[in-house]
Every structure is written in C-alpha cells, then in structure tokens.
*Asks:* 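This is the structure I have questions about; it appears just below.
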Amino acid sequence: GGWSMNSLDVYDFVPRYFAKYGNLLVIAPEYRLAPENRFPKGVEDAYDTAKWAYEHAAEFGGDPNTISVCGDSAGGNFAAAVSLMARDKKESFIKKQFLIYPATAFNLGYRSTSEKRYGNGEYFLKINSEEEGLNYYFEDPTDADSPYASPLYADDLRNLPPACFISAECDPLLDQALMYAAKLEDAGVSVEYHLYKGMVHAFINRPLQKTFEAFNTIIEAMPKTE
C-alpha cells in the first residue's frame, strides 16, 4: 500500500488463491517500506526476490522457465520496474508481467481524466498529480523521474516481457495503466488488457465476484510449463 504500509498478512489470501486454484508456486517478498527505507530499496528487494525465485524455483517444484512478476498498485509499479531492471541487466528470466491497476508515473504535472473523475476521495484512492507527492518515498525528488520509479517515463520499452493488465473502471490510476499499456504496444511488447467495470482501486482486496474473476484471468494467462 503506497510503498509504505501493509504486510504479507494483509495480502495472504491473494497468493494463497493463486497457489491453490492455479497450482502455482508463489513467492511473495516482505519488501522494505518507506519512509524508513526509501526508493530504490523496496524495488531492489522485489528484484532480488524475483532473481532468487528464478535460481531456486526448481527446489520447490516450480519451473524457472515460467517466472512471472505480479503486483497491484504500488506492487504493480514494482512488477513493471522489476521487468525493466531485468531487461537492463540483460537477465531475461521474467516471462510475463502482471500489472494490477499499477501506478506508472509520479509527478505527471496534470490530472488525467480518470484522476479528475475518480481521484477526489469518493472512490477509495485520493490523488492529485498536479501536486508533488510521496516525498516520504524519495530521498531526492528527482528520483521520481527514474524509470524504476515511473516506468511510463522510460525512454525505451522494447524487449520487455508480455504484459497482462488488470484495471478497475472507477480508479484514478486507470489512465496511467492505459498510457503504459499503449506505450508498451508501441514498443512491440505483447499486451492484454482487462477492465473490470464498476470496480474501484484495490478491489482485489475485497471478496467480490469480480475479484475472483480477475484472479482466474491471471491464472489462465500465466505462462505454462511445456
């Protein structure tokens, strides 16, 4: 939550659902939180976990050739950033990125249509991109422009793993996800996009029918062992 709150206990039912109903090996990092641990420490923890999973998956019955990264909101930001990191390090172990209503840009400088419509506090998430935000996450304000903080600002999105987006209709971050998906497609990256009507930000934490539909969509889209 916002790079600064919650824990594995809060999200416990999500990886458990994937493990049980998707027959998946799920490894969830308890990454370091801001403001005590500011950018890029949390995303580096996520990258190190993904790399560790690739190196050790077989020991737990997993297939290292089907490693995916998945997260929602700040976790979606991390999943996108980790995919960029792996590409930049020339380590192509990530086969797919699952981005659930991801934050893809800090300090846009303007309010997108979805943010103006849904970001005023009535739809769970309050956000105003006209203001400089999340000072608690960055030691240096210019860090917000890093592609590992704001994947939308990356100069080059080529050669990234295929992306599966899960978005909520009534979410101020909807346009950020749409812009990133479009930019990925422009770079030749395979994109599939799923929009859940009537849902708000963080809906996967609510026991709703569309929550489980989204989970099953992700399970179906996971890379399969050959």
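Since the structure is predicted, the reported quantities are computational estimates derived from the model, not experimental observations. Below, all heavy atoms of this structure are taken into account, side chains as well, without hydrogens, waters or symmetry copies.
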*Asks:* Would Tyr11 and Asn205 count as a side-chain contact (heavy atoms from CB on, under 4.5 Å) here? Give the steps.
*Replies:* CA-CA 7 Å; Tyr11 279 82; Asn205 291 95; 3.6 Å; yes

*Asks:* May I ask you to test the Asp171-Tyr123 pair for a side-chain heavy-atom distance under 4.5 Å?
*Replies:* no

*Asks:* Are Tyr54 and Pro64 close enough that some pair of their side-chain heavy atoms sits under 4.5 Å apart?
*Replies:* yes

*Asks:* Could you tell me whether Arg32 atom CZ has more than 12 heavy atoms of other residues or ligands within 6.0 Å of it?
*Replies:* yes

*Asks:* Please check if atom CD in Glu30 has more than 12 non-hydrogen atoms from other residues, nucleotides or ligands closer than 6.0 Å.
*Replies:* yes

*Asks:* Hydrogens and angles aside, do Asp72 and Tyr101 bring a side-chain donor and acceptor to less than 3.5 Å of each other?
*Replies:* yes

*Asks:* With distance as the sole test, does Asp143 use its side chain to make a donor-acceptor pair with the main-chain N or O of Phe138 at under 3.5 Å?
*Replies:* no

*Asks:* Among Glu115, Arg111, Lys116, which residue satisfies the side chain to side chain donor-acceptor pair (under 3.5 Å) criterion with Ser129?
*Replies:* Glu115

*Asks:* Is it the case that the ring center of Phe124 lies less than 6.0 angstrom away from the ring center of Phe203?
*Replies:* no

*Asks:* So do Asp45 and Pro29 actually touch side chain to side chain, heavy atoms under 4.5 Å?
*Replies:* no

*Asks:* Which pairs with one or both residues in residues 172-194 pass ring pair (Phe, Tyr, Trp, His ring centres under 6.0 Å), sequence neighbours excluded?
*Replies:* Phe165-Tyr193

*Asks:* Can you confirm whether Lys224 is buried at NZ, in the sense that more than 12 heavy atoms of other residues, nucleotides or ligands lie under 6.0 Å from that atom?
*Replies:* yes

*Asks:* State whether Glu36 and Lys41 are salt-bridged, where the test is any N-O pair (Lys NZ or Arg NE/NH1/NH2 against Asp/Glu carboxylate O) under 4.0 Å.
*Replies:* no

*Asks:* Does Met5 reach the side chain of Val10, with side-chain heavy atoms less than 4.5 Å apart?
*Replies:* no

*Asks:* Looking only at side-chain N and O atoms, does Tyr17 offer a donor or acceptor that is under 3.5 Å from a partner on Thr211?
*Replies:* no

*Asks:* Would you call the rings of Tyr137 and Phe39 parallel, tilted or perpendicular, taking 30° and 60° as the class edges?
*Replies:* perpendicular

*Asks:* Before we go on, tell me: are the rings of Phe215 and Tyr21 under 6.0 Å apart, centre to centre?
*Replies:* no

*Asks:* Could you go step by step and tell me if Met85 and Val43 meet the side-chain contact (heavy atoms from CB on, under 4.5 Å) rule?
*Replies:* CA-CA 10 Å; Met85 284 182 172; Val43 70; 3.6 Å; yes

*Asks:* Does the side chain of Ser167 reach to within under 4.5 Å of the side chain of Leu195, using non-hydrogen atoms?
*Replies:* yes

